[in-house]
Undergrad: 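Just dropping this structure here.
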Amino acid sequence: MSNVEHNEHKEHIENVISRTFKIIKNVYDNQQEKNGLKVAGNGSRIIFPKKRTGKKGKDETRISEQELRFIFVEQLNKEIGVKDNGKPNWDVYYSVETPTMHGYKGFKNGRPKVDDENGQSGNIDLTIHDNQGNRICLIEFKALNPKKADYQKDFFKLENEDEKKENLFRYFIQIVENVNSRTMNNIGRKIGKENYVHVLYKCYCLDNGEEQTLDINLTQ
């Protein structure tokens with residue numbers, strides 16, 4: 001991959017992420033099942049569904065990585081697009097729940113390691129491929145603030161898949177409902193201080209509509 005192709009892919013990926021955050025904010029504000037639909041035309045037909053809380057008369061909005069993932073795919077397809085000549089604007093493909101190249105062990109105890117001889121393939125939430133089928137971007141999605149092991153296994157997979165391929169983009173994309181400095185510090189502690197130098201971290205707050213960053217050794 002040339003530097004020009006590398007930069008073009010990065011620009012397209014960042015466009016998709018930016019629009020995904022904008023649209024998921026509109027969906028969160030206007031398309032929650034428990035509140036009804038306030039405004040049409042928010043860029044996606046997906047709805048945040050409601051869930052029962054076990055308390056009489058109490059319904060809450062279910063927020064998960066699925067809404068984030070589906071909106072991302074919608075925007076990915078729009079970014080690919082079609083020119084007047086019938087060719088795609090961005091000539092890529094994608095796969096979901098993509099099996100990892102390596103075998104892994106130890107995910108259950110939060111201390112994963114690469115073990116191609118005895119380990120099993122994991123999955124990457126979404127992988128973008130170039131028009132030759134080569135993997136050019138690995139993406140993991142997360143919602144809210146799950147347990148430590150969930151972060152560590154995803155970051156470990158992202159960092160270690162095709163570890164010799166420096167031009168492979170690796171993104172961890174997260175949405176949180178509410179956030180403050182303690183929230184981000186808590187997430188940072190769960191991810192750990194490992195040298196995840198290749199992972200690009202993106203976190204978006206649904207409540208205030210701001211992208212969040214972490215003061216740890218991650219590429220922003």
Side-chain angles (χ1 to χ4, degrees), residues 8-53 55 57-84 86-98 124-129 136-146 150-151 154 169-181 183-184 187 200-214 220:
E8 287 178 350
H9 286 315
K10 177 71 176 296
E11 182 178 356
H12 284 298
I13 294 166
E14 292 286 336
N15 286 343
V16 174
I17 294 172
S18 178
R19 289 205 306 271
T20 297
F21 285 163
K22 179 180 179 180
I23 289 170
I24 203 167
K25 171 62 172 170
N26 288 337
V27 170
Y28 176 78
D29 289 343
N30 300 299
Q31 293 172 195
Q32 294 184 27
E33 184 181 13
K34 73 181 183 71
N35 297 331
L37 304 183
K38 297 179 182 178
V39 182
N42 286 302
S44 176
R45 289 283 176 165
I46 201 166
I47 293 171
F48 281 106
K50 64 184 178 182
K51 64 178 182 180
R52 302 306 299 268
T53 65
K55 298 178 181 179
K58 280 284 188 179
D59 289 327
E60 293 182 355
T61 294
R62 196 285 311 274
I63 295 172
S64 75
E65 68 184 59
Q66 300 306 323
E67 290 81 24
L68 175 61
R69 187 189 315 204
F70 275 83
I71 291 174
F72 183 94
V73 170
E74 289 173 344
Q75 295 310 305
L76 175 61
N77 280 312
K78 288 182 179 179
E79 186 75 12
I80 292 170
V82 177
K83 297 180 181 178
D84 291 338
K87 294 182 178 181
N89 179 58
W90 182 27
D91 196 5
V92 295
Y93 297 81
Y94 64 90
S95 58
V96 296
E97 295 295 334
T98 312
I124 301 294
D125 285 343
L126 188 140
T127 303
I128 300 175
H129 306 252
I136 61 172
C137 182
L138 311 176
I139 302 174
E140 290 287 344
F141 299 100
K142 276 289 178 286
L144 306 178
N145 190 1
D150 289 336
Y151 286 104
D154 285 349
F169 297 107
R170 310 153 199 264
Y171 281 89
F172 186 94
I173 303 175
Q174 182 174 12
I175 52 172
V176 292
E177 189 170 16
N178 299 290
V179 70
N180 55 37
S181 60
T183 307
M184 300 311 297
I187 292 173
L200 294 156
Y201 178 80
K202 301 282 185 178
C203 181
Y204 187 79
C205 178
L206 296 172
D207 183 50
N208 65 22
E210 295 179 357
E211 189 171 328
Q212 305 297 318
T213 58
L214 285 173
Q220 301 297 327

Undergrad: Any sub-3.5 Å donor-acceptor pair from Glu65's side-chain atoms to Asp125's backbone N or O?
TA: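 Flag not set: sc Glu65 to bb Asp125 has no pair under 3.5 Å.
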
Undergrad: Output the distance between atom CD (Glu79) and atom CG (Asn89), rounded to the nearest 0.5 Å.
TA: 6.5 Å

Undergrad: If you take all heavy atoms of Pro88 and Asp91, which pair is closest and at what distance?
TA: CG-OD1, 3.5 Å

Undergrad: Rounded to the nearest 0.5 Å, how far apart are CD1 of Ile17 and CG of Leu68?
TA: 9.5 Å

Undergrad: To the nearest 0.5 Å, what is the distance between SG (Cys137) and CG (Leu126)?
TA: 8.0 Å

Undergrad: Pick from Tyr171, Phe141, Tyr94, Phe21: which one makes a ring pair (Phe, Tyr, Trp, His ring centres under 6.0 Å) with Phe72?
TA: Phe141

Undergrad: Is it true that a side-chain atom of Gln174 and a backbone atom of Tyr204 form a donor plus acceptor pair closer than 3.5 Å?
TA: no

Undergrad: Quick one: OG on Ser18 to CD on Gln75, what's the gap to the nearest 0.5 Å?
TA: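 It comes to 10.0 Å.
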
Undergrad: Does Lys50 reach the main-chain N or O of Glu60 with its side chain, forming a donor-acceptor pair under 3.5 Å?
TA: no

Undergrad: Of all residues at least two apart in sequence or in a different chain, which pass the side-chain contact (heavy atoms from CB on, under 4.5 Å) check with Lys87?
TA: Asn85

Undergrad: Is it true that the side chains of Asn42 and Tyr28 contain a donor and an acceptor less than 3.5 Å apart?
TA: no

Undergrad: Could you check whether the rings of His12 and Trp90 sit parallel, tilted or perpendicular, using 30° and 60° as the cut-offs?
TA: parallel

Undergrad: Any idea which heavy atoms bring Gln212 and Cys205 closest together, and the distance?
TA: NE2-CB, 4.0 Å

Undergrad: Ion pair present between Lys142 and Asp150, side-chain N to carboxylate O less than 4.0 angstrom?
TA: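 Here Lys142 does not pair with Asp150 in a salt bridge, since their nearest N and O are not under 4.0 Å apart.
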
Undergrad: Closest approach of Cys203 and Met184, non-hydrogen atoms and distance?
TA: SG-CE, 4.3 Å

Undergrad: Does the side chain of Ile136 reach to within under 4.5 Å of the side chain of Ile13, using non-hydrogen atoms?
TA: no

Undergrad: Mind listing the closest non-hydrogen atom pair of Glu33 and Pro49 along with its distance?
TA: OE1-CA, 3.4 Å

Undergrad: Do you know which two heavy atoms are closest between Leu206 and Ile175, and how far apart they sit?
TA: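 Shortest heavy-atom contact: CD1-CD1, 4.3 Å.
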
Undergrad: Can you measure from CG (Asp29) to NZ (Lys38) and round to the nearest 0.5 angstrom?
TA: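 One gets 7.0 Å once the value is rounded to the nearest 0.5 Å.
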
Undergrad: Go through the steps for Val179 and Asp207 under the test side chain to side chain contact (heavy atoms under 4.5 Å, CB included), then give the verdict.
TA: CA-CA 8 Å; Val179 70; Asp207 183 50; over 6 Å; no

Undergrad: State which residue, out of Glu14, Glu210, Glu140, fulfils the salt bridge (Lys or Arg N to Asp or Glu O under 4.0 Å) condition with Lys202.
TA: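 So, applying the salt bridge (Lys or Arg N to Asp or Glu O under 4.0 Å) to Lys202 and each of Glu14, Glu210, Glu140, only Glu14 qualifies.
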
Undergrad: Salt bridge between Asp59 and Arg52, side-chain N to carboxylate O under 4.0 Å?
TA: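 Answer for the salt bridge query: yes.
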
Undergrad: Do any N or O atoms from the side chain of Gln31 and from the backbone of Ile46 form a donor-acceptor pair under 3.5 angstrom?
TA: yes

Undergrad: Where do Ile24 and Ile71 come nearest, in terms of heavy atoms and distance?
TA: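 Nearest heavy atoms, Ile24 then Ile71: CG1-CD1, 3.7 Å.
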
Undergrad: Counting only N and O atoms by type, is there a donor-acceptor contact under 3.5 Å from the side chain of Thr183 to the main-chain atoms of Asn180?
TA: yes

Undergrad: Kindly compute the distance separating OG (Ser64) from CZ (Phe48), expressed to the nearest 0.5 Å.
TA: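 Ser64 atom OG to Phe48 atom CZ measures 7.5 Å (nearest 0.5 Å).
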
